[in-house]
Amino acid sequence: MQNHTGITTFILLGLTDNPQLQIILFIFLLITYMLSAIGNLAIIILTFVDAHLKTAMYYFLQNFSFLEISFTSACIPRFLYSLATGDRTITYNACMSQLFFTDLFAIVEFFILATMSYDRYVAICKPLHYMTIMNPMVCKKLISGCWIITLLLIIPPLGYGLTLEFCDSKIDHFVCDANPLLKICCFDTEFIEKMLLFCSSFVLLVTLMFVIWSYGSIIRTILGFPSAQQKKKAFSTCSSHMIVVSITYGSCIFIYIKPSAKDEMDINKGVFVLTTSISPMLNPFIYTLRNKQVKNALNDFLKPLHCSQTIKSILVKHVFCPL
């Protein structure tokens, strides 16, 4: 890779130069990262070991949790190391690798969110055919399709980006992101900016339109239910996914759908912190909040460990269902 650029090491400027703010930021990110890893890992383990969580919904949630761990792990640990040691340098190869994996995991998340909305559509609009339509083979094909489409989308712009030359080694960000990298490119970046705009717009708009179509159909079906109790139950099965969709799409549209990388604002780095630390931490709690199946699965999982009833009660009530 180094043959394409005279710069072999970049300097990540981070979020702030204030030592006190760096300490606060380090503690905050460390806590959110640990909670995110523990929460998402707990979902993965429970969906593996509990027979009641073998439905398509929890299969997709398992994959989504894996992506959340992978996405935040591609960004946060490196930044924590920089805050702890003061070493802001990153090699060219490491920077390009971080760029590839963060984009890969982020885009796959969008397609899986769209897939999860389709799962909710089938569950509510076609309940009698749910087990037939969303069988294990179909679920595996949908997940594989998410990864394949993502790779086809990101390889062309990333391959072109590896040929770029850089005139500066300072990246105005705490991770290797496409927009701040283009700001230090030696040549006109209009073509690759258009490529990135097309790819990001395609992913966001196509998946968002699919989500809107799914939930439009769901809402029409729910409004046709004769019982208010049925309507409440149906809406409750979709509310968690709708919250996650709103957070994910809102923050990423704000960051990526812009006319030029040269116009990037500093506030975008703050929004990127939201998408890489806070959102992955909240998602496990959003999806498991007052979820009886997950609570029962956690109880069953803790029984062989001979935990006391007090510890189990605290974990179930205050960790998975804090409200």
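The model shown is predicted, which means the values in this text are computed figures rather than measured ones.
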Asks: Strictly under 2.5 Å separating the two SG atoms? Check that for C95 and C176, please.
Replies: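 Taking the criterion (SG atoms under 2.5 Å apart), C176 and C95 satisfy it, so yes.
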Asks: Taking all non-hydrogen atoms of both residues into account, name the closest pair between P77 and T72 and its distance.
Replies: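 It is CD-O, 3.5 Å.
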Asks: Can C167 and C186 be said to form a disulfide bond (SG atoms under 2.5 Å apart), step by step?
Replies: CA-CA 5 Å; C167 297; C186 296; 1.9 Å; yes
Asks: Any heavy-atom pair between the side chains of D177 and I171 that's under 4.5 Å?
Replies: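 Of all side-chain heavy-atom pairs linking D177 with I171, none is under 4.5 Å.
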Asks: Kindly compute the distance separating OH (Y59) from CZ (F64), expressed to the nearest 0.5 Å.
Replies: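 It comes to 15.5 Å.
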Asks: Begin from the C-alpha positions of M96 and L162 and carry the test side chain to side chain contact (heavy atoms under 4.5 Å, CB included) through to its verdict.
Replies: CA-CA 8 Å; M96 294 301 109; L162 293 176; 3.7 Å; yes
Asks: For F10 and Y92, which heavy atoms make the closest approach, and how far apart are they?
Replies: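 The answer is CE1-CD1, 3.5 Å.
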Asks: Hey, are the side chains of S277 and Y33 touching, using non-hydrogen atoms and a 4.5 Å cut-off?
Replies: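 No - every pair of side-chain heavy atoms lies 4.5 Å or more apart.
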Asks: Answer whether the closest heavy-atom distance between the side chains of L12 and T89 falls below 4.5 Å.
Replies: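 Not touching, per the 4.5 Å side-chain cut-off.
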Asks: Could you walk me through whether T276 and F174 pass the side chain to side chain contact (heavy atoms under 4.5 Å, CB included) test, one step at a time?
Replies: CA-CA 11 Å; T276 56; F174 65 93; 4.1 Å; yes
Asks: Look up atom CG in L61 and atom CD in E68, then write down how far apart they are to the nearest 0.5 Å.
Replies: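 Separation between the atoms: 10.0 Å.
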Asks: Assess whether side-chain hydrogen bond (donor to acceptor under 3.5 Å, both in side chains) is satisfied between D119 and Y130, documenting all intermediate values.
Replies: CA-CA 9 Å; D119 171 72; Y130 179 75; 2.6 Å; yes
Asks: Can you get from V49 to I44 by hopping between Ile, Leu, Val, Met, Phe, Trp and Tyr side chains that sit under 4.5 Å apart?
Replies: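 Yes, one cluster joins them.
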Asks: Under a 4.5 Å cut-off applied to non-hydrogen side-chain atoms, are I107 and I154 in contact?
Replies: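 I107 vs I154: side chains touch.
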Asks: For K194, is the NZ atom crowded, meaning more than 12 foreign heavy atoms sit under 6.0 Å from it?
Replies: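 At most 12 heavy atoms, drawn from other residues, nucleotides or ligands, come within 6.0 Å of this atom.
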Asks: Within a strict 4.5 Å, meaning less than it, do heavy atoms of the K183 and D172 side chains meet?
Replies: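 The answer is yes; the side chains approach within 4.5 Å.
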Asks: Taking C-beta and beyond as the side chain, do V211 and Y118 meet within less than 4.5 Å on heavy atoms?
Replies: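 Heavy-atom side-chain distance check fails, nothing below 4.5 Å.
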Asks: May I have the step-by-step check of side-chain hydrogen bond (donor to acceptor under 3.5 Å, both in side chains) for Y121 and T221, ending in yes or no?
Replies: CA-CA 9 Å; Y121 160 77; T221 301; over 6 Å; no
Asks: Under the 3.5 angstrom rule, does the side chain of Q22 hit a backbone N or O of T16 as a donor-acceptor pair?
Replies: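 At least one qualifying donor-acceptor pair exists.
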Asks: One pair to check against side chain to side chain contact (heavy atoms under 4.5 Å, CB included): L208 and F110. What are the steps and the verdict?
Replies: CA-CA 8 Å; L208 183 59; F110 281 105; over 6 Å; no
Asks: Any sub-3.5 Å donor-acceptor pair from N40's side-chain atoms to A37's backbone N or O?
Replies: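 No: the side chain of N40 does not pair with the backbone of A37.
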Asks: Does V203 belong to the same Ile/Leu/Val/Met/Phe/Trp/Tyr cluster as L205, with side-chain heavy atoms less than 4.5 Å apart forming each link?
Replies: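 No.
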Asks: Hey, can you tell me if W213 and F210 have their rings parallel, tilted or perpendicular (30° and 60° cut-offs)?
Replies: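 Tilted.
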Asks: Minimum heavy-atom separation for L158 to L99, with atom names?
Replies: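 Smallest interatomic distance, heavy atoms only, reads CD1-CD2, 4.0 Å.
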Asks: Quick check, are the ring centers of W147 and F111 under 6.0 angstrom apart?
Replies: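 No, too far apart.
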Asks: Using a 3.5 Å distance criterion without hydrogens, assess whether the side chain of T32 forms a donor-acceptor pair with backbone atoms of F28.
Replies: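 Answer holds: yes.
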Asks: For R78, what residues pass the salt bridge (charged side-chain N to carboxylate O under 4.0 Å, His left out) criterion, not counting sequence neighbours?
Replies: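 For R78, no residue satisfies salt bridge (charged side-chain N to carboxylate O under 4.0 Å, His left out) once neighbours in sequence are set aside.
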Asks: Identify the two heavy atoms, one from I218 and one from S117, that lie closest to each other, and give their separation to 0.1 Å.
Replies: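 Scanning both residues completely, I find the closest heavy atoms to be CD1-O, 4.3 Å.
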Asks: Quick one: does S82's side chain get under 4.5 Å of D87's, heavy atoms only?
Replies: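 No - every pair of side-chain heavy atoms lies 4.5 Å or more apart.
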Asks: Please find the pair of heavy atoms, one from I192 and one from G161, that lie closest to each other, and give the distance.
Replies: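 Between these two residues, the closest heavy atoms are CD1-CA, 3.8 Å.
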Asks: Report whether L67 and I38 are members of the same hydrophobic cluster (ILVMFWY, side-chain heavy atoms less than 4.5 Å apart, transitive linking).
Replies: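 Different hydrophobic clusters.
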Asks: Enumerate the salt bridge (charged side-chain N to carboxylate O under 4.0 Å, His left out) contacts for residues 7-32, please, sequence neighbours excluded, ordered by first and then second residue.
Replies: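 Matches after skipping sequence neighbours: D17-R88.
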Asks: I212 and F202: same hydrophobic cluster, using ILVMFWY side-chain contacts below 4.5 Å?
Replies: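 Yes, it is one cluster - the side chains of I212 and F202 are joined through contacts under 4.5 Å.
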Asks: Would you give the length of the straight line joining atom CG of L104 to atom OG of S97, rounded to the nearest 0.5 angstrom?
Replies: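 L104 atom CG to S97 atom OG measures 12.0 Å (nearest 0.5 Å).
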Asks: With rounding to the nearest 0.5 angstrom, report the CD1 to CG distance, I43 to N63.
Replies: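 If I round to the nearest 0.5 Å, the distance is 12.0 Å.
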Asks: Working to the nearest 0.5 Å, report the span between CG of L152 and SG of C199.
Replies: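 The SG atom of C199 is 10.5 Å from CG of L152, to the nearest 0.5 Å.
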Asks: Treating T163 as the side-chain partner and Y160 as the backbone partner, does any N or O pair qualify as donor plus acceptor under 3.5 Å?
Replies: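 Judged by distance alone, yes, a pair lies under 3.5 Å.
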Asks: For the pair T91 and N93, evaluate side-chain hydrogen bond (donor to acceptor under 3.5 Å, both in side chains) and give the outcome as yes or no after the intermediate values.
Replies: CA-CA 5 Å; T91 65; N93 288 349; 5.9 Å; no
Asks: In the single-linkage hydrophobic clustering (I, L, V, M, F, W, Y; side-chain heavy atoms under 4.5 Å), do I76 and Y81 co-cluster?
Replies: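 No, no single cluster joins them.
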Asks: What about the rings of F26 and F79, do their centers lie closer together than 6.0 Å?
Replies: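 No, the ring of F26 stays outside the 6.0 Å limit from the ring of F79, centre to centre.
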Asks: How far apart are the closest heavy atoms of K54 and T47, and which atoms are they?
Replies: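 Looking at all heavy atoms of both residues, the shortest contact is NZ-O, 3.2 Å.
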Asks: Taking Q98 for the side chain and A74 for the main chain, is one N or O donor matched with an acceptor at less than 3.5 Å?
Replies: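 Present.
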Asks: Pick out which of R120, M134, M116, Q62 makes a side-chain contact (heavy atoms from CB on, under 4.5 Å) with M57.
Replies: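 The side-chain contact (heavy atoms from CB on, under 4.5 Å) with M57 is passed solely by R120 among R120, M134, M116, Q62.
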Asks: Could you go step by step and tell me if L164 and L182 meet the side chain to side chain contact (heavy atoms under 4.5 Å, CB included) rule?
Replies: CA-CA 9 Å; L164 297 176; L182 292 179; 4.0 Å; yes
Asks: Flag the pair L29 / V273 as yes when at least one side-chain heavy-atom distance between them is below 4.5 Å, and no otherwise.
Replies: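 Contact flag for L29/V273 side chains = yes.
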Asks: Hey, could you give me the CG/SG distance between L80 and C75, rounded to the nearest 0.5 Å?
Replies: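 Here the interatomic distance stands at 11.0 Å.
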Asks: Would you find more than 12 non-hydrogen atoms of other residues, nucleotides or ligands less than 6.0 Å from F66 atom CZ?
Replies: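 Check fails, neighbour count at 12 or below.
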